[in-house]
Structure formats: structure tokens, C-alpha cells
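Notes follow once the structure below has been shown.
Here is the naming used below: chain letters follow the sequence lines, and residue numbers restart at 1 for every chain. The figures here come from the full heavy-atom set of this structure, side chains too, leaving out hydrogens, waters and symmetry mates.
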Number of protein chains: 2
Amino acid sequence: MQTAGIKEVIMEQAQTPNRLDPIHRGHIRLRPDKPLRKGMRNMQKPTLHSIAKYLDTSTCTISRVLNGKGSQYRIAEATQERILNYVKKINYRPNVAAQSLRLNRTREVGLILPDFANPFYTNVAKYVATEARKRNYSVQIIETEDDTKTEIDAISHMLHCRVEGLIVWPVGLESKHFRDLASNAPPIVLVDRCFPDLKLSQVTVDNALSSEIATNHLLDFGHREIACFQGLEHTATSEDRVEGYRRALTARGIGVDDSLIIGDSFTQSSGYRSVGQLLASRPSVSAVFSLSNQITLGALRAFAERGLNVPDDISMVSFDEIDGVEFFATPLTVISQPIAEIGRRATEVLFEKIDGNDSCKEQYQLLPANLISRSSVKLFAQ
Amino acid sequence: MQTAGIKEVIMEQAQTPNRLDPIHRGHIRLRPDKPLRKGMRNMQKPTLHSIAKYLDTSTCTISRVLNGKGSQYRIAEATQERILNYVKKINYRPNVAAQSLRLNRTREVGLILPDFANPFYTNVAKYVATEARKRNYSVQIIETEDDTKTEIDAISHMLHCRVEGLIVWPVGLESKHFRDLASNAPPIVLVDRCFPDLKLSQVTVDNALSSEIATNHLLDFGHREIACFQGLEHTATSEDRVEGYRRALTARGIGVDDSLIIGDSFTQSSGYRSVGQLLASRPSVSAVFSLSNQITLGALRAFAERGLNVPDDISMVSFDEIDGVEFFATPLTVISQPIAEIGRRATEVLFEKIDGNDSCKEQYQLLPANLISRSSVKLFAQ
DNA sequence: TTGAAAGCGTTACCAG
DNA sequence: CTGGTAACGCTTTCAA
């Protein structure tokens, strides 16, 4: 624990000045006769009502002016100016809860990700946030920690909050909760771990094709005994990648040996254990195709512990780019996903749907990934 | 652009069944006589009103039961059960906007970070999200991209949304907008890039001390000519770290040479440029202390391009842990910040303040960092 | 050109 | 034990 030795400088409670213009002080308690309702926090902010009272006009006139409908309702220039000036002066901002209630729209979108500590996932947030800011939307986030139950709760929470749109990077094991969505649910876009047979907009990389390319790369270097370190079984992501691996081998007339396909999750731990299992059963293997960056990191650790060198003792290709791989003892050859593009697409699709652009039907978008060749694959010379 | 070659599978609009129990269908349009208000989206959900009508009871009774005040108001067990069953059956969830409006509390907290793609920042989100979920709070996020103007807008947006608490990882260049906060602003906790003279709760690492330790480490290995690659100037984070570096040198009676302190931001680009500048002016330098992980990555690239080896040609200590450094050609010796602890603390403080726990005054918490010794520092033998 | 008033869905006060 | 009713702050209809 890092708890010991902490220096705490206790300070006084902030005494910053109240920003409410004194001119508006008459509004601080609009009804001083009535007692404050229980459970209400006493921070009186200006309201249309209080402003109307002060400017001797009505709430609706102010509302109109603020919503840019001044000319539409032919409100006198002078009145408009008076209102705008005053509102600016006291820094008035309408109450979003009241607006949401009245308009039945929240100006919020939701984002559900497996892990906030992994930039691979949080990258999507960049585009959602940018686009949301442009449109004056808020972004709400929830982390699932790859737990389906949490994901279901998260979606339920978002719907409960009446978000106007939702981007989900699903755990990928179950899709029932997506199928069960009510027809009046807000637009939803799935990212990466998709379900091809689901009638929802989805954006992902062409996993099978990318895997085929990676496997072919190893084959081109003469490798024939290639292990595949898979991720979470029964997810489309893992299965599609394994499928690509199989396709590549089969196409060259090499039989697929199922004992070479090992691992059970997209984690370092799985990668680490896979190495042990592999070397025990198939010490003659000459190359590994790892299905994610985390799996790779775990495998690398296991190889290092055994004094095995990449690529001298074993060649390696990994799915996903890794921050700083170019400085690794052996810079890794990887399949690099267009992560930024995935985020941008998902965001675009989401807001198109929010805007009710019906030209945009439910789509299943497959983006291409690139092989980046570095030095972790060596010619196999038996 | 990755746009080419995309396969789009156009699907039909989802036709999932409406989840509203048929028993509740009488509520779908409560007032079919009245036309729908303009601007309102037609997705009728059950309300207390509609449920009350159906169960032949009143809104307040239902409200009480749902808020666990059934026994307090001595509502008949039978009634309670009837209500709970039905509410569960139709999957009713109260309208949050109406609750917010009525209670004047939003059950939302805000999180403002410089960059969503950097796990160093997003790690805080893990704790905020976990704690928020426990308490049934929502988490809203905004990214500033290290731009003060954006930060000011972000804070303004959060206040506008009436979040009940706010965690900010500030840009760090300006603090005026924090000073100007109204006294009725929600609790705010600052993280990492702090302003020691600000009367706000702040959580950060002891930058000066950590820097001193790092510099001492280099001094212990015999280095005397040590460069310091600083970050964004005029931020407490950078200045405190430089201060620690100065202190260590001075304590050993070694004069501080300002021409050895170079760099202008916490970016790879700054680190890269610093190497060029350093080698041009002081080719005799034997060690570098880099003030952030990004700076380090940039510097490493520059060294590699010049064929300079770490640590044979130059020793290096870096602030911040880097994912996978143990696999680097030269595993780096770093100052590892207790990032998880920082996030946990900030979250704890925030929710204590939200709960109005006044035992918790404004605090400036300094957490200790650790030196993790690997192989990037070599004995200096002239 | 403006305003009064009716809700949006909830909770709390009071009255039975 | 239960329910009517008045807010909360906003937007829009309708009337002037």
C-alpha cells in the first residue's frame, strides 16, 4: 500500500465570491415566504420565472429569445437585446432537467466499454466526445470489465437515463440482451466484438481476412508448424480470427492441427499459460500467431523466462498494435487495426441515426487492417 | 484513408417486440384525445400516473413504495406487493429528468481528462465509474486535449448539467477558472496537475521528491552531467520535477547548468527535439532524466536514429511507467506513479464531499512514487 | 408583439 | 393507511 507517508495540507473551505450578479439578488429567493422543500438543496439559481419578474416580461418571451425564435415570434429588437444582455450578465443557463422533461430528449449519448485502462477501447471515446461536444450533447460512460452481467446492467442504466444513442463495445459472449431491445430503444452501434446475425449497426475490422494475411506472412517465411494463441472462445472476434488462420493453412494444403490452437481469453495470463502448454505438447513449433496485444505481452514474458528468443527460437506475429513496440528487444510484426477509423465510423453512424437520417439503415461495416512488418519473423530454415 | 474496400451489409430495421406488457397497453396513450405536443418524440413509457390509473391507486402511493418508504407510510403489504409486482412486470423505471427536476439533484458526476487515448489519464475513470455505479450515479466525461479553453468550456458544461461532483485532471497552465468558481459550485477534486495555492481538494504525486530520488539514482551511478527533459513549462508538475532535479544536484554540491534543462511539453515530439538540442550543445552528457513517458518515447526514437545505445552511450531514467517496458531492448528504470491509488483517492474524496461529509476539508494530498530499477542506468566510468 | 396557462413525471406536504 | 395537490423549470399552444 502506498498509503503511508502521505502529507496532507488541510485548507480552509473555499470562499470564492458568489457569481450571481447583485442586480439579480432579488431572485435568489423568489418566494421567501414559503419554506424550502425538504430534500431540496438550497442553491437558488436564476430561472426564467425570476428573470421574467426582474425584466418585467414573461417566461415564454425569454424562452423564445433564448431559443433563437425571437424573429419568428416578432419580438421587438429592444426586448430581445434587453433579455440577451441580462441573461449574459447573470450567466444564466437553462435547467437541463426541466428541458429534458419538457422536450422528452436528454441530449445525452452513452458509451459502454470493456476497460477504461486500455487505450484500444478508450480511443472510440475521442470521436464520440468530439462529435457530442459539437452538438452540445453529453457523453455518459460505463465500464463492463468484460462481464456480460455488467454490460446488461449498463445498457439498462443507459436506457433508463433515456440516452439518445448508445455505442457499445460488447463483451461478445452473449447477444440475447441486444435482440431483446424494445423497438423504441434509442439507436445503438456495436463496435469490434460484433454479432453478424444481429440486426444492429456494427463496425468492426475484417478479422478473418486480417488473420489470413498474418498467417500467410508466416507461411511465406517458410513456417509450417504455426501455433495460434486464441482469445475468448465463442466470441466472433476470436472465432473469426481462428477461422482466418485455418483458411490460410488450408489454402496451402497444410492440415490444421487443433492442438496448436490454444488459449482461452484476450489476456496476458492466457498468453503466458499458452506458452507453457505449447512447449509441453509441441516443442518443435517454429512460429506463433497471437490473437491480441495482451496475449502477446503474456507470451513474451513466458518466452523470456524460458530463455527463448524471438525470432531466433520462435517467430511471432501479433494482432493489434502495441505502444512502443518499436523499442522492444525485438520489434514485433503486427496486424494493426484502424482503431481511429473504427471510432470515427461508429460515431458517424450513431449521430446519423440520432438525427433520424433514414437513408442510413442498419449496417455491418468491415474495415480492413494492415500488416506492419518489423523483425519478429525469421526465415524458417530447417 | 481506410475507406476503400468496405463491405456493407444493409439490413432491415430491427423489428424487436415491444417490451411493454400487453396488460399495460391501456397506458400507451393516456390521453389519445389530445394531440401530441410538437417537438415531443412519441415514445410513451409507463408513468406513475398511468400505473396508478391501472392499479386504481395514486401516484404518491406508488412513489412511496418504489422509494422504499412503504413501511414508513404504513402502506398495506398487499398494496406494496401488488405495486412492486406490476412495476417489475412492465419493467417500469422512473423518469430521471423528472426526478432531477423535482429533487434538484442529478445523480451525475463529471470527469474531465486531457486525453482519452492515454491509459495514464483514463485509469482514474475506473474508480470513479466503479464508485458511481455502486451509488447509482452516472459518469459524464469530457476530453480537453490539453487545451485550457476547452477545459473552461468543459467545466462550464458540467456545472450547467448540475453534476453533483467533478474530477478534473487540469491542463495545468491556468487556474483562474478554478478560483472563479461560485461558492455554490459542486465539489471539485483536482488530479495530478495541481495548483498548491488553490483552495480545492487536490491529489497528486510528490513530484519534487520523486525527481530527487531519480536524480540521486543517476548520481549514485557516478553521473555528473545529467540532462533534464522537462515538460510543459509553467505547470506545477513540470516545475516541481525540475525543482527536485535541482535539489538533488545542489545537495551534492554540483552546480545546476540551465542549458541541461530542455524541452517544452509532455509529448514525444518534445523528447525527440530535446535530444537533438542536447547533443548539439552538450555532446559530453552521460545521462538523461526524462520527465514523462511520452518524452521518453520520443527521446528513445531520436537516440535510436543516431545509433546511440541506452545505457552504453547514455543512461536514462524516466518519469512514469510504460506498458511493456520490460520487453524493451533496454528495460527502462522509471519512477512509477501510484496511478491506481491516485484515482482511488480522488474518487474517495469526491464522494465524501458529495455526501456532505464535512470532516473532509479541502486537502492537498501528496502520494509517494517508487523508483523501479531496471537496466537503463550504467555505472559512469570516465 | 406579448402573455397566461397547460402540461412533462416526479415527490412532499397536508388532509383525510 | 391513502390520495389530492402543489410545486420543480421549461416550452408551446392559444388567446389577446
Side-chain angles (χ1 to χ4, degrees), chain A residues 27 30-31 33-53 55-80 82-83 92-107 160 162, chain B residues 27 30-31 33-53 55-80 82-83 92-107 160 162:
Chain A
H27 305 163
L30 205 60
R31 295 179 198 74
D33 48 316
K34 294 220 175 184
L36 261 170
R37 311 286 285 283
K38 196 175 149 193
M40 295 221 10
R41 308 194 154 189
N42 184 6
M43 22 179 244
Q44 298 284 349
K45 303 220 181 191
T47 67
L48 284 190
H49 193 140
S50 71
I51 296 174
K53 201 165 186 178
L55 291 183
D56 198 30
T57 173
S58 73
T59 56
C60 57
T61 300
I62 303 175
S63 171
R64 284 166 184 151
V65 171
L66 294 184
N67 291 329
K69 296 182 182 166
S71 55
Q72 183 188 323
Y73 281 92
R74 308 215 212 148
I75 292 169
E77 275 302 327
T79 313
Q80 295 208 38
R82 210 160 55 96
I83 291 173
Y92 166 80
R93 302 274 240 123
N95 181 310
V96 284
Q99 281 181 317
S100 293
L101 182 59
R102 183 57 236 260
L103 298 175
N104 201 20
R105 71 198 307 263
T106 54
R107 297 200 88 79
H160 173 208
R162 262 86 156 170
Chain B
H27 304 162
L30 206 60
R31 296 179 197 74
D33 48 315
K34 294 219 174 185
L36 262 168
R37 310 286 283 285
K38 197 174 149 193
M40 293 218 17
R41 309 192 154 190
N42 184 5
M43 24 179 242
Q44 297 283 350
K45 302 221 182 192
T47 67
L48 285 189
H49 193 139
S50 71
I51 297 173
K53 202 164 185 177
L55 291 182
D56 199 29
T57 173
S58 73
T59 56
C60 55
T61 299
I62 303 174
S63 173
R64 282 165 184 154
V65 171
L66 294 184
N67 291 328
K69 295 181 182 167
S71 56
Q72 183 188 323
Y73 280 92
R74 310 217 212 146
I75 292 170
E77 275 303 328
T79 313
Q80 295 208 38
R82 212 160 54 96
I83 291 174
Y92 166 79
R93 300 275 240 124
N95 181 312
V96 285
Q99 282 181 317
S100 293
L101 181 59
R102 184 57 237 259
L103 298 174
N104 201 20
R105 73 198 307 262
T106 54
R107 297 199 89 78
H160 172 207
R162 261 85 158 170

Only pairs under 3.5 Å count here: list side-chain donor-acceptor contacts from residues 60-68 of chain B, not counting sequence neighbours, and write none if there are none.
{"from": "B:Thr61", "atom 1": "OG1", "to": "B:Ser58", "atom 2": "OG", "distance (Å)": "3.1"}
{"from": "B:Asn67", "atom 1": "ND2", "to": "B:Ser63", "atom 2": "O", "distance (Å)": "3.2"}

Exercise. Within the structure, does a side-chain N or O atom of A:Tyr92 lie under 4.0 Å from either OP1 or OP2 of D:dC10?
Worked result: yes

For this session: Find the distance A:Arg93:CZ to D:dC10:P and express it as a whole number of Å.
Result: 12 Å

Exercise. Can you tell me how far P of C:dG9 sits from CZ of A:Arg105, to the nearest Å?
Worked result: 16 Å

Problem set entry | Nearest atoms (heavy-atom pairs only) where B:Ala98 meets A:Leu101 | CB-CD1, 3.7 Å

Problem set entry | 5' precedence on DNA chain D between B:Ala76 and B:Ala98 (nearest-nucleotide basis) | B:Ala76

Exercise. Taking atom P of C:dT1 as reference, at what distance in whole Å does atom CZ of A:Arg82 sit?
Worked result: 15 Å

Seminar exercise, completed: Taken to the nearest 0.5 Å, the spacing of A:Asn104 CG from B:Asn95 CG works out to 7.0 Å

For this session: Can you figure out which of D:dG9, D:dC1, D:dT2 approaches the side chain of B:Ile75 most closely?
Result: D:dT2

Problem set entry | Atom of B:Pro94, atom of A:Arg162 and distance for their closest heavy-atom approach | O-NH1, 4.0 Å

For this session: Give a yes/no answer on whether the side chain of B:Ser58 brings an N or O atom under 4.0 Å of OP1 or OP2 in D:dG3.
Result: yes

Exercise. Does any residue of residues 61-71 of chain A have a heavy atom under 4.0 Å from DNA chain C, and if so, which ones, in number order?
Worked result: A:Thr61, A:Arg64

Exercise. Rounding to a whole Å, what distance do you find between B:Glu77:CD and D:dT2:P?
Worked result: 10 Å

For this session: Could you check how far OH of A:Tyr73 sits from C1' of C:dT2, rounded to whole Å?
Result: 12 Å

Seminar exercise, completed: note: A:Leu103, atom CG; C:dA6, atom P; distance rounded to Å ~ 20 Å

Problem set entry | D:dT2 phosphate, OP1 or OP2, under 4.0 Å from B:Thr79 side-chain N/O | yes

For this session: May I ask you to say what A:Ser100 touches in the nucleic acid, namely base, sugar-phosphate or nothing, with a heavy-atom cut-off under 4.0 Å?
Result: nothing

For this session: Considering non-hydrogen atoms only, spot the tightest contact between A:Val96 and B:His160 and give its length.
Result: CG1-NE2, 3.6 Å

Exercise. What is the distance from NE2 of A:His160 to P of C:dG9, rounded to the nearest Å?
Worked result: 14 Å

For this session: Answer yes or no: does a side-chain N or O of A:Thr57 lie under 4.0 Å from OP1 or OP2 of C:dG3?
Result: yes

Exercise. When you measure from the side chain of B:Cys60, which nucleotide among C:dG3, C:dT10, D:dG3 comes out closest?
Worked result: D:dG3

Problem set entry | Shortest non-hydrogen separation from A:Thr59 to A:Ala52 and the atoms involved | N-CB, 3.7 Å

Problem set entry | Nearest-Å distance for atom pair CG/C1', residues A:Asn104 and C:dG7 | 13 Å

